[in-house]
Amino acid sequence: MSETHIRPVPFRGGGFRPVAKRGVGLIVFVTLLALIEWGTRTGWISNLTLPQPSDVAMTLVDLARSGMLWTHLAPSLSRLAVGAVLGVSAGIGVGILIGLFSHVRAGLIPLVAALFPIPKIALLPLFVIWFGIDEASKYALIALGTFTPTVVATYGAVDNVDRTLIRMGQSFGLSWLSIVRKIVLPGALPGILSGMRVSIAIGIILLVAAEMLGAEFGIGAYILQAGALYDLERLFAGVVILSALGVLTSWVIGRLETRLLRWRT
Amino acid sequence: MSETHIRPVPFRGGGFRPVAKRGVGLIVFVTLLALIEWGTRTGWISNLTLPQPSDVAMTLVDLARSGMLWTHLAPSLSRLAVGAVLGVSAGIGVGILIGLFSHVRAGLIPLVAALFPIPKIALLPLFVIWFGIDEASKYALIALGTFTPTVVATYGAVDNVDRTLIRMGQSFGLSWLSIVRKIVLPGALPGILSGMRVSIAIGIILLVAAEMLGAEFGIGAYILQAGALYDLERLFAGVVILSALGVLTSWVIGRLETRLLRWRT
Amino acid sequence: NTAINVGALRFTSHAASFVAFERGYFAEEGLDVNFRFFEAAQPMAVAIASGDADYAVTAISGGLISLAEKGAAKVIGGALSEEPGIDGQMILASNPAFEAGLTAPAMLDGKSFAVTQPGSSFHYMGAKIGAAESASLSYKPLQKVGAIIGAMKSGQVDAWTIVPHIGKALVGGGAVQQIGMVADYLPDYQVTTVFTSAANAAKERARTEAFLRAFSRGADDFNAALVDKIAGEDGADDMVKLIHKYVYADQPYEKASKSIVNGAMRLNKNASLNMGSVSDQVEWFKSEGLIKDSITTETLVDPSYAEMT
Amino acid sequence: MELTLEKVTHRYGDMPVLQDIDLRIPTGEILCIVGPSGCGKSTLLRLIGGLERPDEGRVLQDGAPPPGCLNPLTYVFQDFALLPWRSVGGNVTLVLEDHRLDGDERAAIIDDVLARTNLSAFRNALPRQLSGGMKQRVAIARALAVNPAVMLLDEPLSALDAQTRELLMEDLVGLWARQPFTAVYVTHNLAEAVRLGHRVAVLSRRPGRLREMLEIDMPLDERGVGDARLDSVQQHLWHLMKDEAMAADQELLDV
Amino acid sequence: MELTLEKVTHRYGDMPVLQDIDLRIPTGEILCIVGPSGCGKSTLLRLIGGLERPDEGRVLQDGAPPPGCLNPLTYVFQDFALLPWRSVGGNVTLVLEDHRLDGDERAAIIDDVLARTNLSAFRNALPRQLSGGMKQRVAIARALAVNPAVMLLDEPLSALDAQTRELLMEDLVGLWARQPFTAVYVTHNLAEAVRLGHRVAVLSRRPGRLREMLEIDMPLDERGVGDARLDSVQQHLWHLMKDEAMAADQELLDV
Ligand SMILES: Nc1ncnc2c1ncn2[C@@H]1O[C@H](COP(=O)(O)OP(=O)(O)OP(=O)(O)O)[C@@H](O)[C@H]1O
Ligand SMILES: Nc1ncnc2c1ncn2[C@@H]1O[C@H](COP(=O)(O)OP(=O)(O)OP(=O)(O)O)[C@@H](O)[C@H]1O
Ligand SMILES: [Mg+2]
Ligand SMILES: [Mg+2]
């Protein structure tokens, strides 16, 4: 009788811990592309709506073969690099000042908050007057676009540095500069890096806006030109390049994080 | 002799806790405006570089008086509202699915990552074909722009929900739906709200891009027209309106946070 | 030799500069010309103001007038103009609108009309045609010619005006229908003008005159070869080949030459400027509230360089 | 209702965490489990409560849960696991919401458990307003609300300061004295184990095996600070474990 | 070097936290400070070490710090306060970097303090690889490296589990036995206080006042678990504090 009552304890745990499986992502991608390919080939998707993925791939191959890929990529990359380096480094500098000094904080936070929602394309005509139509205005636009999010991320990161570590530094009589260099900056690094992810994504997005201004070559100019001609293959080829660029820089920052932040759990 | 050795323990704490003082921000703002006003009046700043702040203010006043402010603001606000509601709610939905199900996560995260760095203005010509030149394409553009950051913020928030709370729910035999509704969603709310801050800022920025397409009225259209006419007063008036809109929505979300998240320390 | 920057769009209407450069007319005047190419007219006007370009050719737009009002730019001569009898800008209707009865400009009332931006030359033409037919139009700003073409093809806007080399290709492909000519409504329309910075106009007289002389020689060659067709087949071919270096360079010659020939419109002789058309345009901008009321043609034009007709 | 563990073995990846654990949890007694850091105590508790499945062996329940029992195996967690967005009352209600109870029943249960844990006055307070001790009292009230057959407590006092720990230990003894419950009580703290355990199971270092089982047959409410017999049991336990505790402490975690 | 507190009073905003504290910290002794939660113990320690300025009264130091002392008043924190991005060695070096020492001197100091805390083998480990007990040993090594005149310890063991706490208490006793140091040791744990304190100061609830000062004249290394005399002191302390501890626990925090 009692034997019939003996039974294993029911299991009720597990779940709520989704894991990303690499393969599935690829499969979804490939399926999606295959579907579009099939749709465009059969005409079920009109060629005004989407280009044939294989045509886009061909366009990319041609672009690479003819060397034009590099012709367009090189100026864009250098604009992105110079602009982002300027914007991010200024942003980190200002962010740290905001994080450390009450007066700077009080003066600049409202300014940055007001600057943040200004669409950079709206300022394009001004940028021509301020910086000319050459590279300077492109650098400036990308720098401005990356500056504000970097500032916000950086001062947030400085604010989040564990105050007990700072009190520890003071209690051992470390100088102000030592505390900033050895405690505040390394402690803010994770936040700064994750802010950089967003900033650089914004930088890539702004490439197109920047190259609205008198750029003959560049991925943004290529896309704009394709858009003007309603050449969907080239338009998508350009978009694929930008998207790849975004995924790539995000991956690079990921590598940087694992390298610089090995100390994190 | 020993008396001379008695002295107070030196103070070495304090600092590293900057506080924002409201007044200072205002002073910085006013000083900056005054400086520009003075510069433009004396001609030390050319009227090609910056407009006179007082003229911008006058333009704003005229705009408000003539009722044109509302004519431009109303369509922009409705575009922002409809687009953001669509994008944010779809983003929250997809983000929660990604946060809960392994397969959805595996399939969609790479897609979202690839979508993120695509500049939405590049897709404008497509949007015309897909959604026409009327309101639909504007809603779609803003929805797409707010969608990706919301997804990323939401699944991050779901991932960050304290797993011990979920295990607690399971250990008390709560149903799956109860756990999601009563533990996962409220736990993810802070992260979702702070993601919304960013999403809506992006939505505001995209207003200009959205109104590039066949919009007669709207703040973005107003700014674009002013840019085309190189009418700096109106350009800046529009920018001020967008910036104020950004600061305002951020404030509204802040209020929402203090209201909904009273339980936070 | 003095080095100057000349702003240009890769359009046939900018051919005078290309010809003057290729045939050495600029060099003969002692000018080292360096072309700066733009995607659109508006940034080119701003670039003149910022000093990134010295001379350029563009339509009279609200932006140009605003810059003139700020003392940054001056119109010094005329370039492209409409002339009855020569294929000029076309009035187009989208296929669905055409089928629904928009077969002539007289039927434009209540239709939508595509423009790049409010205050652009498209807007002016639409307004003038509308006024003549007493039709009320709704204007759809679409920023880019490419976007407008997309919208016309998919029938999302009803009507548009465009230069002949684009219009003829579209009509030829059956994508849109031609319903009239701009010249019928604006017979002496001064489409584009030569302009420079106010500083150049005031202080660099010798250089500016040299530029205009060379430019006019280029215009004469162009008119002779492609508009009046008095230079013979070979002359026309040479001219097309010359222009092809700059315009449609990424297309094969056969295809490009058709577009170039199609796009040939009269360039004003000796850069003379049709003041009547200019003041009509300025008045229209004022009436639309796009520019300040205090602006007059004197603000815009420096009449001391070219003949004002 | 009694629980029995038969040759329970568990691994995480390649790392064996528990090895051949045989254990009986008799009704109405508190079984304390002590062992060095990382020896698998929490894992064992998760296996007992069905939150994890053993790789080998079985966890069996014998007999039906008592009538009125809503959740036979109920946890109390080290870090309280209170929903911060619900009040004290709301946190207790949470575990009743998925059961079909009418409003009066529910209210009666809540009133009862809040009274038993001296929380009636704090019904509308949010967790953030409570001290650690009060939070853990809420968690205990919540566990009592489902009238469990076996309570599973995972270091319930180790997030509290020493004085609060002392107070809560007295509360637990009081609760047990009024109405004895069955419990498995995992702890690092030998003083707690000898104060609260009817039996104390000592686990070895990872992979955790059952090293010893001590019985302490002194009524809970007669135990107190400075009792010589308890002190000697505690010293015996410390003797057993000191070397392993040192070794566990010195281990590098390779995260 | 001796420290003296004269009528120290402190407030945060309108809330008085400490009231008229008079205290002498004699050389070579460990002074334990116990009191209920939130009574101002940590504040008092911050005032003593110069991290905060008293609103009223004075904290005085009498006499010069001993030769070779790099930082007379040195803290050990409850949560270790190790820089996670520096290795064990790097965390100790940190506090020497701002002082003019030549490389050999610095190396000698580091070798010495790591040896005294049994950390020599962990010199290159990062904090995240260490158990809590090892982390606190690193913090102690760091404090020893500056050869302090007075060590200020704020609940140094309360983030550790009971067994590790026991081990570290033995370590501290060993360190003191080899080379007596002056210390102010704040704790909640009465067992710790009677094991480590030459004198025990009892603070009242907030605003903290000095309620009692007990002297325990038994050598540190003779004290141990289950000693009857210590047990009675501990019970006396618990008796003194229990009501206040309960009241402190029941308080609503209005954050
Ligand atoms: N979900 C998991 N996945 C992988 N390893 C785990 C998991 N949970 C625990 N472990 C590992 O299993 C071992 C035992 O963990 P467990 O938490 O059961 O020990 P414990 O005795 O409760 O430790 P503590 O005294 O620190 O609470 C540890 O080495 C831990 O790192
Ligand atoms: N920087 C501060 N600003 C405002 N109030 C503070 C500050 N630091 C501490 N307090 C308050 O002062 C009181 C005493 O704090 P303190 O940390 O000194 O107490 P404690 O005895 O160390 O408490 P515990 O036992 O919890 O460590 C508490 O009510 C605390 O909330
Ligand atoms: Mg555990
Ligand atoms: Mg404290």
Side-chain angles (χ1 to χ4, degrees), chain A residues 12-13 16-21 24-25 28-29 48-49 98-103 105-111 113-119 121-126 129-130 163 166-167 170-171 173 179 184 201 204-209 223 227 230 232 235 238-239 242-243 245-247 250, chain B residues 12-13 16-21 24-25 28-29 48-49 98-103 105-111 113-119 121-126 129-130 163 166-167 170-171 173 179 184 201 204-205 207-209 223-224 227 230 232 235 238-239 242-243 245-247 250:
Chain A
R12 49 188 175 159
F16 292 100
R17 202 178 278 287
V19 269
K21 297 163 198 159
V24 182
V28 169
F29 245 119
L48 269 179
T49 313
I98 290 179
L100 290 178
F101 302 107
S102 284
H103 282 281
R105 157 166 309 224
L108 292 188
I109 283 192
L111 220 60
L115 222 57
F116 202 37
I118 295 179
I121 9 174
L123 300 181
L124 277 185
L126 279 176
I129 297 284
W130 292 351
R163 294 295 125 167
I166 292 176
R167 300 292 161 225
Q170 294 181 320
S171 80
I179 292 178
V184 176
I204 293 176
I205 290 177
L206 282 179
L207 263 183
V208 175
I223 290 178
Y230 207 80
L232 290 190
L235 180 68
V239 165
L242 283 191
S243 172
L245 197 61
V247 172
S250 161
Chain B
R12 50 189 173 158
F16 292 101
R17 203 178 278 285
V19 268
K21 296 164 198 157
V24 182
V28 169
F29 246 119
L48 276 176
T49 312
I98 289 180
L100 290 178
F101 301 107
S102 285
H103 282 281
R105 159 168 306 224
L108 291 190
I109 283 193
L111 221 60
L115 222 56
F116 201 37
I118 295 179
I121 6 171
L123 300 181
L124 275 184
L126 276 178
I129 298 287
W130 291 352
R163 294 296 124 167
I166 293 177
R167 300 293 159 223
Q170 294 181 320
S171 80
I179 292 178
V184 176
I204 292 175
I205 289 178
L207 264 182
V208 174
I223 289 178
L224 286 169
Y230 207 82
L232 292 189
L235 180 67
V239 164
L242 283 192
S243 172
L245 197 61
V247 172
S250 162

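Convention: sequence-line order gives letters A, B, ...; per-chain numbering from 1. A quick note: this is a predicted structure, and the numbers were derived from the prediction, not measured.
Only the side chain of A/Leu232 comes within contact range of chain B, with heavy atoms under 4.5 Å apart. If you measure heavy-atom distances from A/Arg167 to chain B, the contacts under 4.5 Å come from the side chain alone. In this structure, the portions of A/Phe16 lying under 4.5 Å from any heavy atom of chain B include both its backbone and its side chain. Neither the backbone nor the side chain of B/Leu207 comes within less than 4.5 Å of any heavy atom of chain A. Using a 4.5 Å cut-off between heavy atoms, A/Leu123 touches chain B through its side chain atoms alone. At a 4.5 Å heavy-atom cutoff, the contact between A/Ile121 and chain B is made by side-chain atoms alone. If you measure heavy-atom distances from A/Leu100 to chain B, the contacts under 4.5 Å come from both the backbone and the side chain.
Minimum interatomic distance between B/Gln170 and A/Arg12 (heavy atoms only, all atoms of both residues): CB-O, 3.5 Å. For the residue pair A/Val28 and B/Gly107, the shortest heavy atom distance occurs at CG2-CA, 3.5 Å. Contact between B/Val24 and A/Ala106 at its shortest, heavy atoms only, is CB-CB, 3.4 Å. A pairwise comparison of heavy atoms in B/Leu48 and A/Leu126 identifies O-CD2, 4.3 Å as the closest pair. The shortest heavy-atom contact between B/Pro110 and A/Gly25 is CG-CA, 3.8 Å.
Per-residue heavy-atom pair counts under 4.5 Å with chain A were compared for B/Ile204, B/Ile118, B/Thr49, B/Ile223, and the maximum is reached by B/Thr49. Between chain B and the options A/Leu115, A/Ile129, A/Val208, the largest number of non-hydrogen pairs under 4.5 Å is found for A/Ile129. The greatest number of non-hydrogen atom pairs below 4.5 Å with chain B, out of A/Ala201, A/Ala122, A/Ala113, A/Gly238, is found for A/Ala122. Looking only at heavy-atom pairs under 4.5 Å with chain B, the residue among A/Ala209, A/Pro117, A/Gly13 that has the most is A/Pro117.
Using a distance-only test at 3.5 Å, with no hydrogens or angles considered, a donor-acceptor pair links the side chain of B/Ser243 to the main chain of A/Ala114.
Atoms CG and CG, from B/Leu124 and A/Leu235 in turn, are 10.0 Å apart once rounded to the nearest 0.5 Å. Interatomic distance, B/Phe29 CZ to A/Leu111 CG, rounded to the nearest 0.5 Å: 5.0 Å.
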